[in-house]
Amino acid sequence: MTQIAGSLAPPANPPNGGKAITVQFNDNMLLPLLLGDHDRHLVRIEQALGVRLSCRGNRVAIAGDAGKVEAAQNALQGLWRRLERGESVGRPDVEAAIKMVEVDTDPRLPLSDMPAIRTRKGAVGPRSPGQVAYMDALASHEMVFGVGPAGTGKTYLAVAQAVAMLQAGKVDRIVLSRPAVEAGERLGFLPGDMKEKVDPYLRPLYDALHDMMPADQVLRRLTNGEIEVAPLAFMRGRTLAHSFAILDEAQNTTAVQMKMFLTRMGEGTRMVITGDLTQIDLPVGIRSGLRDALDTVEGVQGISVVRFENRDVVRHPLVGRIVDAYDQRAAAEGDTRREAGARVGTDI
């Protein structure tokens, strides 16, 4: 197997108080894939981690602060291991590697050995520190709440875990559900039969399924009932046994709907509840079932709550910056309202 070894010859002129190393790669067929077109992967790592990278032959020199040099080396090693396994390395993989080393997720666990969810269509690995914690929770807990911004992989990873368990025979079926219409599941005004009415609202779940399985297998399992995709209203009165059940967009459930869903859990069943508390579309005055559930059951044995942050967004890097901008504006508006309230109190 191709190995990565640190050279004894450091690059010239390391920064004051810094560190300089040279990393050698002994497979010249894979090296261009690691570097990217016109070394763009190295350039991105340089920009993100604040190090100097240069490539000569089959060696990459890294110079900078000691901690940043180590982080860059770990990122390169993780990407190299992907190539050794026959996996591709693109811009999203580079961004993921950077995120994983920017935060000390687990110093005992090399980036290349992070957990993965293995389906027959391939392995799905974490791309952020939050995803590492989430995947650990999915593997070890019967009920998991994944809460955080859009684009953090909450639903995608839950579907991946469900598919992996179904293909391994650990559950008999997958049940995917979400509130069909944000403000109360009012479907009657839509044209078509029930399936045509609800399919647009369930499309993100179908998309995730098709990423995990061949299309013909998805269709066959939907037809024979091994996979069920249904609006939340259809869950009432049922007991889900030996199933993997996912409730998506849970911030748009009411407290009554949430309790109804949670109590569908039967023998041998796993449940995952995902949502974003900043995107509640319920009418004013109705408390989100997700918020109510977190206040009620967090800390109960067997339940894990994983909270994602903006840094865990794994879509285009601009998405994370957009989320940050909205959060900053909301915080500024909150400060303005508090200041206005304080002035009113002073005037009275």
Side-chain angles (χ1 to χ4, degrees), residues 74-75 77-79 81-82 85 87-89 92-171 174-176 204-205 207-213 243-250 268-276 290 294 298 301-315 319-320:
N74 288 339
Q77 288 177 338
L79 294 170
R81 299 299 186 206
R82 285 184 59 88
R85 295 193 297 265
E87 301 173 14
S88 62
V89 168
D93 305 299
V94 175
E95 295 294 339
I98 291 168
K99 285 185 179 183
M100 298 299 292
V101 299
E102 280 182 322
V103 177
D104 194 9
T105 306
D106 186 344
R108 300 164 300 174
L109 195 61
L111 176 63
S112 57
D113 293 333
M114 288 294 177
I117 298 171
R118 304 193 181 278
T119 71
R120 290 177 187 167
K121 203 170 181 181
V124 180
R127 293 193 167 188
S128 74
Q131 288 192 355
V132 174
Y134 189 52
M135 290 173 66
D136 283 340
L138 291 173
S140 58
H141 288 76
E142 294 177 315
M143 183 176 291
V144 177
F145 286 80
V147 185
T152 50
K154 304 181 298 294
T155 302
Y156 191 85
L157 291 176
V159 172
Q161 181 70 19
V163 169
M165 293 188 70
L166 179 66
Q167 291 178 333
K170 296 179 179 178
V171 296
I174 298 172
V175 179
L176 308 174
L205 300 175
D207 290 343
L209 279 174
H210 282 281
D211 272 0
M212 307 300 163
M213 293 180 177
S243 303
F244 197 111
I246 300 172
L247 175 58
D248 191 33
E249 297 290 340
T269 287
R270 298 284 190 95
M271 280 191 167
V272 181
I273 299 93
T274 69
D276 179 1
L290 178 58
L294 293 173
E298 187 167 4
Q301 184 177 358
I303 296 178
S304 176
V305 177
V306 178
R307 288 183 167 83
F308 292 88
E309 302 177 11
N310 293 347
R311 70 183 183 192
D312 295 310
V313 173
V314 294
R315 292 178 182 167
V319 175

Name all residues meeting the side chain to side chain donor-acceptor pair (under 3.5 Å) criterion together with E249; count only those two or more places apart in sequence or in a different chain, and write none if there are none.
R178, Q251
Rounded to the nearest 0.5 Å, what separates atom CD in Q161 from atom OH in Y134?
9.5 Å
Going by side chain to side chain contact (heavy atoms under 4.5 Å, CB included), I303 matches just one of M143, E142, M271. Which one?
M143
Could you tell me the separation between the CE atom of M165 and the NZ atom of K170, rounded to the nearest 0.5 Å?
6.0 Å
Nearest 0.5 Å please: distance from the CD atom of E95 over to the OG atom of S128.
12.5 Å
Mind listing the closest non-hydrogen atom pair of L176 and L209 along with its distance?
CD1-CD1, 3.7 Å
Any donor-acceptor pair under 3.5 Å linking the side chain of K154 with the backbone of G148?
yes
Of the non-hydrogen atoms in A158 and V272, which two are nearest, and what is the gap between them?
CB-CG1, 3.8 Å
Under 3.5 Å side-chain donor-acceptor pair for T152 and D312:
no
Using the side chain to side chain contact (heavy atoms under 4.5 Å, CB included) rule, take S243 and T269 through it: C-alpha gap first, then chi angles, then the decisive distance, then the call.
CA-CA 5 Å; S243 303; T269 287; 4.0 Å; yes
What distance separates L79 CG from S88 OG, expressed to the nearest 0.5 Å?
10.5 Å
How long is the straight-line distance from CZ of R270 back to CD1 of I246, given to the nearest 0.5 Å?
12.0 Å
Take Y156 and D207 through the side chain to side chain contact (heavy atoms under 4.5 Å, CB included) test and state the conclusion after the steps.
CA-CA 9 Å; Y156 191 85; D207 290 343; over 6 Å; no
Between F308 and G146 the two heavy atoms that sit nearest each other are CE1-CA, 4.3 Å
Distance-minimising heavy-atom pair for A137 and V306:
CB-CG2, 3.9 Å
Taking the side chain as every heavy atom from C-beta outward, state whether R307 and L294 have any atom pair closer than 4.5 Å.
yes
For a 4.5 angstrom cut-off between non-hydrogen side-chain atoms, does M213 reach Q167?
yes
Heavy-atom closest pair, residues P149 and D276
CA-OD2, 3.6 Å
Could you pull out the closest heavy-atom pair between V101 and A75, with the gap in Å?
CG1-N, 3.8 Å
Keeping T274 on the side-chain end and T155 on the backbone end, is there a donor-acceptor pair under 3.5 Å?
no
Any residue meeting ring-ring contact (aromatic ring centres under 6.0 Å, His included) with F244, in chain and number order, not counting sequence neighbours:
none
CD1 of I174 to CG of L166: how many Å apart, nearest 0.5 Å?
4.5 Å
Salt-bridged, R127 to D93, with N to O below 4.0 Å?
yes
